[in-house]
Amino acid sequence: KDNKLTLMTTDSANYVSVTADNIACGDFSTVVPLDLFSKLIRKITTENIKITVKESHIDVKGDGVYSVPIEMDSGSPVKFKGYEWNYNTEGRVIPLSVIKDILRVNKAAVAKSIETPCLRGYYIGDKVVTTDAEVICINDIPVFKDTAYLFSPEMLELLSLSNQENITVYYNNGYILCDAGDMVVYGPELDGKEDYPIDDILGYLDVAFPSKCTLPKLQLQNVIDRLSLFIEKYDKNGAYFTFFSNGLRITSKRMSSIEIVGYGTSENFAPFACCV
């Protein structure tokens, strides 16, 4: 429309639209199967692609001419129902680098099951918090200083696809719209923010841990990588950590693998053992 091409798709909850300006075309709107259309476009090698809309299909002209069916409902073309948004609300800019950092750091502690639905989300406020009810990740990034939103994992993954560094985030009546200029992601805030155990989680920041040590990251990773060969399904997928005065002993349940990692530093040593 108006020499602007917009591609939009939805998973029935989140919407993604990507826009390109200065396209030579008349106005039209049509719905095509995404899987076929996207795979075809990826494989076409010509610089330009011409799309012609017919009654029941579109012709895609590139290396050759290809007919892609239009989605039909009871013999009529499907009408795509998009979203509506009023930009009267104030937006907040989040750098793309922050979105990617949140995914890199917090993703490992997001719940995969829907037993407690709110734990599938990213609690983003003056800190970014995720938990699967066993592991907690508190990422000290002040994204929203005076409020907090519960982002679905799908929305954050979609935002990470942006090519623009600055993403403006808007909120209105339970819905979030993220505008990156040439790409928009829209969808509902994840349900259950009021049930998210944020106060209990942040309480861990005030817990005193009198003993601490540092361990060489690469050596620790290599030990766990070797140990994983000996962890059996009845071991709770765990490694047994025993802290001695001279280092950390890491074993499997059946003691099939035993390695010791020396401390970089150790303060107020106290013996301790646990399954991790």
Side-chain angles (χ1 to χ4, degrees), residues 98-143 148 150-154 156-157 160 190 192-193 195-276:
V98 169
I99 298 293
K100 292 185 174 181
D101 188 57
I102 290 171
L103 287 170
R104 179 182 62 83
V105 174
N106 288 82
K107 187 174 182 178
V110 175
K112 304 299 188 292
S113 72
I114 59 173
E115 184 175 341
T116 307
C118 67
L119 299 188
R120 290 187 59 250
Y122 292 75
Y123 191 96
I124 302 180
D126 61 352
K127 294 178 174 58
V128 181
V129 175
T130 51
T131 180
D132 60 4
E134 292 188 3
V135 176
I136 292 173
C137 179
I138 302 173
N139 192 352
D140 198 12
I141 301 179
V143 182
L150 191 58
F151 279 73
S152 70
E154 294 82 6
L156 277 194
E157 293 286 355
S160 70
L190 192 65
K193 182 170 66 177
D195 299 324
Y196 204 88
I198 187 64
D199 292 336
D200 293 338
I201 289 172
L202 295 181
Y204 283 103
L205 294 176
D206 299 325
V207 175
F209 291 88
S211 300
K212 68 178 182 178
C213 65
T214 60
L215 296 165
K217 176 183 174 182
L218 183 59
Q219 185 181 355
L220 186 63
Q221 286 178 325
N222 289 337
V223 170
I224 293 173
D225 190 42
R226 289 189 291 269
L227 179 75
S228 64
L229 299 174
F230 298 92
I231 294 178
E232 300 181 6
K233 60 183 179 180
Y234 299 111
D235 289 351
K236 298 181 181 179
N237 198 32
Y240 290 80
F241 283 18
T242 305
F243 293 83
F244 293 99
S245 59
N246 63 335
L248 169 65
R249 187 182 73 176
I250 305 176
T251 66
S252 63
K253 185 174 182 179
R254 296 177 182 274
M255 303 288 282
S256 303
S257 171
I258 302 173
E259 293 201 43
I260 295 178
V261 179
Y263 303 130
T265 61
S266 176
E267 299 180 22
N268 300 320
F269 170 77
F272 182 66
C274 61
C275 178
V276 178

* To do: Would you please name every residue forming a salt bridge (charged side-chain N to carboxylate O under 4.0 Å, His left out) with K212, sequence neighbours left out?
  => none
Atom pair [atom1] ([X]) and [atom2] ([Y]), whose distance is rounded to the nearest 0.5 Å:
| X | Y | atom1 | atom2 | answer |
| --- | --- | --- | --- | --- |
| L248 | I260 | CG | CD1 | 9.0 Å |
| I141 | D126 | CD1 | CG | 12.0 Å |
| T116 | Y196 | OG1 | OH | 10.5 Å |
| I99 | E157 | CD1 | CD | 11.0 Å |
| T251 | L227 | OG1 | CG | 7.5 Å |
| T130 | K107 | OG1 | NZ | 11.5 Å |

Can you check whether [X] reaches [Y] side chain to side chain, under 4.5 Å on heavy atoms?
| X | Y | answer |
| --- | --- | --- |
| F151 | P153 | no |
| R249 | I258 | yes |
| L205 | K127 | yes |
| L150 | C118 | yes |
| Y240 | V276 | no |
| I250 | L220 | yes |
| V129 | I198 | yes |
| L190 | Y122 | no |

Give a yes or no on whether [X] atom [atom1] has more than 12 heavy-atom contacts from other residues, nucleotides or ligands under 6.0 Å away.
| X | atom1 | answer |
| --- | --- | --- |
| K217 | NZ | no |
| I114 | CD1 | no |
| E134 | CD | no |

Mind listing the closest non-hydrogen atom pair of [X] and [Y] along with its distance?
| X | Y | value |
| --- | --- | --- |
| I136 | T131 | CG1-OG1, 3.5 Å |
| L215 | V261 | CD2-CG1, 4.0 Å |
| Y263 | F244 | OH-O, 2.6 Å |
| I102 | N139 | CA-ND2, 4.2 Å |
| V110 | R120 | CG1-O, 3.1 Å |
| L156 | L103 | O-CD1, 3.7 Å |

* To do: Determine, step by step, whether Q219 and E259 satisfy the side-chain contact (heavy atoms from CB on, under 4.5 Å) criterion, reporting the C-alpha distance in whole Å, the side-chain angles of both residues, the deciding distance to 0.1 Å, and the verdict.
  => CA-CA 11 Å; Q219 185 181 355; E259 293 201 43; over 6 Å; no
* Asked: Can S257 and L229 be said to form a side-chain contact (heavy atoms from CB on, under 4.5 Å), step by step?
  -> CA-CA 9 Å; S257 171; L229 299 174; over 6 Å; no
* Could you go through the side-chain contact (heavy atoms from CB on, under 4.5 Å) check for C213 and F243 one step at a time? => CA-CA 10 Å; C213 65; F243 293 83; 4.0 Å; yes
* Asked: So, T265 and T214: side-chain donor and acceptor under 3.5 Å apart, yes or no?
  -> yes
* To do: Check for a donor-acceptor pair, side chain of S211 on one end and backbone N or O of N268 on the other, with a separation under 3.5 Å.
  => yes
